[in-house]
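Heads up, the thing below is written out as structure tokens.
Excluded from the calculations below are hydrogen atoms, water molecules and symmetry mates; all remaining heavy atoms, backbone and side chain alike, are included. Proteins get letters first, then strands, A, B, ... in listed order; numbering begins at 1 in each.
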Amino acid sequence: MQTGAGFFGSSIGKKIVMAITGILLVGFVTVHMIGNLQLYLPAHEGVYALDTYGEFLRTLLHGSGIWIARATLLTAAILHIWAAWGLTLMNRAARPVAYQNQAYVASTFASRWMRVSGVVVLIFIIVHLLHLTVGNLLPGFEQGKVFHNVVTGFQVPWVSAFYILAMVFFATHLHHGIWSMLQTLGLSHPRYNGLRHGLATLLTIVVIGGNISFPIAVLTGFVR
Amino acid sequence: MSAEKTLNLTLKVWRQKNAASEGGFETYAAPGVSTDMSFLEMLDVVNEGLITQGAEPIAFDHDCREGICGTCSMVINGRPHGPKERTTACQLHVRSFKDGDTISIEPWRAKAFPVRKDLVVDRSAFDRIIAAGGFISAPTGSAQDANALPIPKENADLAMDAAACIGCGACVAVCPNASAMLFVSAKISQLALLPQGQPERYIRVRDMVAQMDAEEFGSCTNHGECETACPKGISLENIARMNRDYLKASLIYRPKVATGGAG
Ligand code: HEM
Ligand code: FES
């Protein structure tokens, strides 16, 4: 029982894995959204800021930067899902007979739907990569022409609708997840506990608000 | 306090002959029960009626009936210990209900708390978690002078708050994951906050969490239901403390090696 390997097999160990990978993923989505705000910058001598930014990312550290980032994110995502899966099985098994009558007062839609919102996020990530990284979701994709690909993509109504819907689910996942991750890592103190929900709300609004603004800006013709 | 009244209630109670049998809900009338009765007294009256009819009375656990032993486990209208905050089932009164109410009564539902009969569940999993580390190893002999060990007032208060846990299992019962983390964290915190708990602090958290997992409780996803259902108001802050201690315990863990006669 007292072996070092017990950590990853334990409930709290898996929760900590989920929280630490969660920090990485939250950090990523925040930076990702901020980078994409360059969609709103005007073209400079016919070159879009977003295209220059994409070029910068692809050539960072002689092209190895993006692969380091991809490997880190993929590892984080796999560990996150691995832990979520293990804990979900454990939690299902812990209550084999359901209540006939159960009244919840503290839990939220977001907290009870983490698995569903997580799966929606996973599907979103796959579609999003096919759309703007691999480029085989829609015809007319041009490698390196990031601005063009984003704008022509979001001009297709179902693509925009899918992004917006996925972001609504993602908002619930983030909002519970950020708070949950702080609690899981033991960051609790009465003086700062109010700030935990504040931070979760702020980050969720910033990330999701920014992300949702892109398809809306294209659909309304504000960016074209 | 309002004057005594009588209510006519209908009870939908989980009946199960033994651990192996199926079980299901039975409906009983509880006419003319006094609002001054406790919830358990009301069940006593219903049971008397059942006994005079020659039927099997409803089995339920109870002991102190004053909110300190944590025995009276039952889910009343979907809430462990019923609708009143910080109140055990034995301290709940019939006046918390309205005339004509139908009240559902179910046992705690968790793999780790198997139903033995009707509303009675086996909560010995909690005892095994305590036995795994929820104690301090103190030498016998004469007692130390009082106050010989300085303890910050704040820690003493927080430890007392954690020690208010009566081990009733409402946190497990209400948790959508049937997680025991509020209970375990209270039992860890009451010792981790005091100097006497320090020597075994990090072994304790590892051992108790390992036993908690072995008993097949679920894991916390931070819904916060436990805190609201706890009749003693145990705070979620204890779970954060346990997580912190568990992380530290895992990081500083050293496999046992015997050197120089130390083994
Ligand atoms: C970019 C993608 C994602 C981010 C940023 C993210 C973030 C987070 C964070 C921060 C937590 C809190 C960890 C804790 O409980 O302490 C969390 C929890 C969780 N995540 Fe994710 N996640 C992502 C994707 C996913 C995916 C794809 C799945 C599912 C297959 C998933 C399922 C879960 C589950 C089940 C929890 C536990 C929920 C709970 O605490 O109730 N997540 N996530
Ligand atoms: S019977 Fe002791 S707490 Fe209810």
Assess, by modelled atom type and distance only, whether the side chains of B:E225 and A:S107 contain a donor and an acceptor separated by less than 3.5 Å. yes

Pairing donors with acceptors under 3.5 angstrom, does anything connect the side chains of B:D213 and A:S11?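 Present: a donor and an acceptor within the cut-off.
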
With heavy-atom distances below 4.5 Å as the criterion, would you say the side chains of A:L87 and B:T221 are in contact?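 Heavy-atom side-chain distance check fails, nothing below 4.5 Å.
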
Below 4.5 Å, heavy atoms only, C-beta onward: do A:K14 and B:S219 meet side chain to side chain?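 They are not in side-chain contact.
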
Between [options], who has the most heavy-atom pairs with chain A when the cutoff is under 4.5 Å?
options: B:E106, B:E215, B:K12, B:M242; answer: B:E106
options: B:S179, B:A214, B:C175; answer: B:C175
options: B:F25, B:W14, B:F217; answer: B:F25
options: B:S250, B:P80, B:A173; answer: B:A173

Side chain from CB out, backbone as N, CA, C, O: work out which of these in [X] comes under 4.5 Å of a heavy atom of chain A, or both, or neither.
X: B:P107; result: backbone
X: B:A229; result: neither
X: B:N77; result: both

Could you tell me whether the side chain of B:R109 and the main chain of A:R95 form a donor-acceptor pair under 3.5 Å? no

Under 3.5 Å, is there a donor-acceptor pair between the side chain of B:N177 and the main chain of A:A94? no

Determine the option with the most heavy-atom pairs under 4.5 angstrom with chain B, choosing from A:A93, A:G13, A:A98, A:P96.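 Counting heavy-atom pairs under 4.5 Å, the top option is A:P96.
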
Pick from A:Q102, A:Q183, A:M90 with the largest number of heavy-atom pairs that fall under 4.5 Å of chain B: A:Q183

Mark yes when over 12 heavy atoms from residues, nucleotides or ligands other than B:F60 sit less than 6.0 Å from its CZ; otherwise mark no. yes

Check this for me: A:F56, atom CZ, are more than 12 non-hydrogen atoms of other residues, nucleotides or ligands nearer than 6.0 Å? no

First locate atom CD1 of B:I239, then atom CD1 of A:I12, and finally report the distance between them rounded to the nearest 0.5 Å.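 CD1 of A:I12 is found 9.0 Å from CD1 of B:I239.
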
First locate atom CG of B:L247, then atom OG1 of A:T184, and finally report the distance between them rounded to the nearest 0.5 Å.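 Going from CG on B:L247 over to OG1 on A:T184, the span is 11.0 Å.
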
